[in-house]
Amino acid sequence: MTGKERRKKAYHLRKDTARLHRELSLVDHQCNGDEFLFSNKIANFSKALPHNSLGEVDLKAYQSFMKALKSGDPDDFEAIPLGGNTKLANPQAAFAYDLIGADCHQLGLPVPPAFSSAWEAGEMAEVYWRALTRDVPFEDYDTNPLTIEAASELSGFSDFRGPKDNGTVTTCTLFRGDTPGDLEGPFISQFLWKDIPFGATTITQRYRTALAGSDHMTEYEEWLNIQNGGNPASSTSDPTPRYIRNGRDLGEYVHHDFSYQCLLSVCLILTHYGKEALSPNNPYLKSANQGGFVTFGGPHILDLVTKVTRIALEAAWFQKFCVHRRLRPEEFGGRVHNHVTGAANYPIHQELLHSQAISKVFSQYGTYLLPISYPEGCPTHPAYPAGHACIAGAGVTVLKAFFNEAFVIPNPVTASQDGDSLVPYQGSTLTLGGELNKLASNIALGRDTAGLHWRSDGIEGIKFGEAVALQVLRDYRKTYNENFHGFTLTKFDGTKIHID
């Protein structure tokens, strides 16, 4: 092939890919309608803007916020008033373009729960129970009175959508995800426990965590200060690094991780397992004289699994800021407190108001506010979808495309109750695909345990990240020279998909 022919082929490859994206049907983005239903914006995210004593946003500030989101003008964003020192988290990312995958405005999301719905009540009750049980070791869920009570109460909510066993939330399904593999084996994925081969060294997955009982924003003035963007209180870390053994440890992992940390770690673990762990579709498994490297080898997979995460965040930021603007559980906790104490009157579903979850929180802390793991609380971007979930969903999808989902994880482990060591796991067989799905749920729903997100933020975020990654894989499918027959993987809903 001459240089001229190569240039022409490269041009048509890019042009044909762009044409396919141009011909996609436009998406009709729908929100849950709460922003139009409540003129005081009690159901929408407003953290870092100025608020009144009830934590309700200053409407002029919110209008300025909306003006910028509608215009996309950088000058309008600079005119948004803040209530304190904390800045908004990069809302202009919602308007970025990329050169691979679908445009970030071209993927849709289901409508999240409405503020007054039974669905929202069930999700908020779960977040309260996660807060109450943060320090319970996962290994003790079957016997601890708090987790037993949490499972029992959540079973009684009329529209709770977490995983169940014969229609009932059990201690074996409590706080878990709903993908294939989520209910198999330990609560935590093997990929958050196994040693990480990191070049010429090995990283042991013992992490910094917080001391038991280190909860924040349980006092009203502290909560209001944080809603206005004020400076947070200090926090004390556990001096001993731990293997992840409970909800607090998991919440701290997704507090301090960088965007694609877990995905990079997993990719290094999987490549260390050798060719048996590679996807049967890898064209070099049957080659007599070649091995994969720049394509279908370590550099290829490492690049793609990290590349898709930023693209997933672009799509998430559009949904967060320009479509849904869903409030955080942290904000909803303030609504619950002010309603129950009589300071305000909000249409909160009775199932939540009559729950044991909020009664137990009040007995322990003296308020109905949601106890938050982090002193600064949630980030200053809206809840839906969860950014961590979109990252995890996208990266795990790429890993499932390059590795053998049926591969059995060798020498599985679980953490000791104190998180000081790992012990052998003697239960059911754990597969690569199932543990990748569980990893996505751990990363997504671990933020729920910290008090930052709702279940639907994570569940839909994982699938949204998957959709982003599938578009990227389709774009790259025709760029390879090898006799490659396409990517095959299992989606988070259990269906098989082939990208040819």
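The figures that follow rest on heavy atoms only: side chains count, while hydrogens, waters and symmetry mates do not.
Scanning both residues, Asn40 and Glu56, for their nearest heavy atoms gives ND2-OE2, 3.9 Å. Minimum heavy-atom separation, Ser456 to Pro113: OG-CD, 3.4 Å.
Of the possible polar contacts, none joining the Thr209 side chain to the Glu252 backbone as a donor-acceptor pair under 3.5 Å is found. In terms of modelled atom types and a separation under 3.5 Å, the side chain of Arg325 and the main chain of Lys320 share no donor-acceptor contact. With hydrogens and angles disregarded, no donor-acceptor distance shorter than 3.5 Å links the side chain of His381 to the backbone of Phe321.
Between Val266 and the options Leu264, Leu270, Leu263, a side chain to side chain contact (heavy atoms under 4.5 Å, CB included) holds for only Leu270. Under the side chain to side chain contact (heavy atoms under 4.5 Å, CB included) rule, Asn442 has a single partner from Val254, Ile244, Leu192, which is Leu192. When each of Phe332, Phe45, Trp454 is tested with Phe115 by the rule ring pair (Phe, Tyr, Trp, His ring centres under 6.0 Å), just one qualifies, namely Phe332.
Ring centers of Phe318 and Phe95: at least 6.0 Å apart, outside the cut-off.
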Next on the checklist: As a quick check of understanding, evaluate side-chain hydrogen bond (donor to acceptor under 3.5 Å, both in side chains) for Lys496 and Thr490, giving each step before the final call.
Outcome noted: CA-CA 4 Å; Lys496 293 276 189 180; Thr490 308; 3.2 Å; yes

Checklist entry - Given the rule in the salt bridge (charged side-chain N to carboxylate O under 4.0 Å, His left out) test, do Asp182 and Arg176 qualify, once you have shown the distances and angles that lead to the verdict? => result CA-CA 7 Å; Asp182 259 313; Arg176 295 203 184 208; over 6 Å; no

Item to check | Derivation of the ring-ring contact (aromatic ring centres under 6.0 Å, His included) call for His337 and Tyr220 | outcome: CA-CA 9 Å; His337 176 81; Tyr220 190 81; 5.4 Å; yes

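Between Asn437 atom CG and Ser189 atom OG the span is 9.5 Å, to the nearest 0.5 Å. Considering CH2 of Trp129 and OG1 of Thr449, their distance stands at 14.5 Å, rounded to 0.5 Å. The structure places NE2 of His388 at 12.0 Å from CD1 of Ile462, a figure rounded to the nearest 0.5 Å. Atom CG in Leu146 sits 13.0 Å away from atom OG1 in Thr171 (nearest 0.5 Å). Here Ser441 contributes atom OG and Leu436 contributes atom CG; the two are 11.0 Å apart, rounded to the nearest 0.5 Å. Atom-to-atom distance recorded for Glu466:CD and Glu460:CD is 11.0 Å, nearest 0.5 angstrom.
Residue Phe36 qualifies as open at atom CZ: its count of foreign heavy atoms under 6.0 Å is 12 or below. For Tyr260, the OH atom sits in a loose shell: 12 or fewer heavy atoms of surrounding residues, nucleotides or ligands are nearer than 6.0 Å.
A cation-pi arrangement, defined by a distance under 6.0 Å to the six-membered ring centre and an angle within 45 degrees of its axis, is present between Lys400 and Phe492.
The pair Asp34-Arg326 does not count as a salt bridge, with every side-chain nitrogen at least 4.0 angstrom from each carboxylate oxygen. One finds a salt bridge joining Arg161 and Asp159 here, because a Lys/Arg side-chain nitrogen approaches an Asp/Glu carboxylate oxygen to under 4.0 Å. Of the charged side-chain nitrogens involved, none lies within less than 4.0 Å of a carboxylate oxygen, so that Arg245 and Glu139 do not count as a salt-bridged pair. Salt-bridge formation is not detected for the pair Glu330/Arg335: no Lys NZ or Arg NE/NH1/NH2 atom is positioned less than 4.0 Å from an Asp or Glu carboxylate oxygen. Between Lys438 and Glu184 there is no salt bridge, since no side-chain N of the basic residue sits under 4.0 Å from a carboxylate O of the acidic one. A salt bridge links Arg130 with Glu126; the closest basic N to acidic carboxylate O contact falls under 4.0 Å. Salt-bridge annotation for Lys41 and Glu35: absent, with no side-chain N of the basic residue lying under 4.0 Å from a carboxylate O of the acidic one.
Considering only heavy atoms from C-beta on, Glu435 stays 4.5 Å or farther from Glu405 through its side chain. A heavy-atom distance below 4.5 Å is not found between the side chains of Arg328 and Pro382. Residues Trp317 and Cys104 have side chains not in contact (no heavy-atom distance under 4.5 Å, counting atoms from C-beta outward).
Side chains of Arg134 and Ser373: a donor-acceptor N/O pair is present below 3.5 angstrom, by distance only. In the model, His324 has a side-chain atom that pairs as donor or acceptor with a side-chain atom of Gln319 under 3.5 Å.
Taking the six-membered ring where the residue is Trp, Tyr374 and His255 present parallel rings, their angle staying beneath 30° rather than reaching 60°. Between Phe138 and Phe187, the ring-plane angle classifies as parallel under the 30° and 60° cut-offs.
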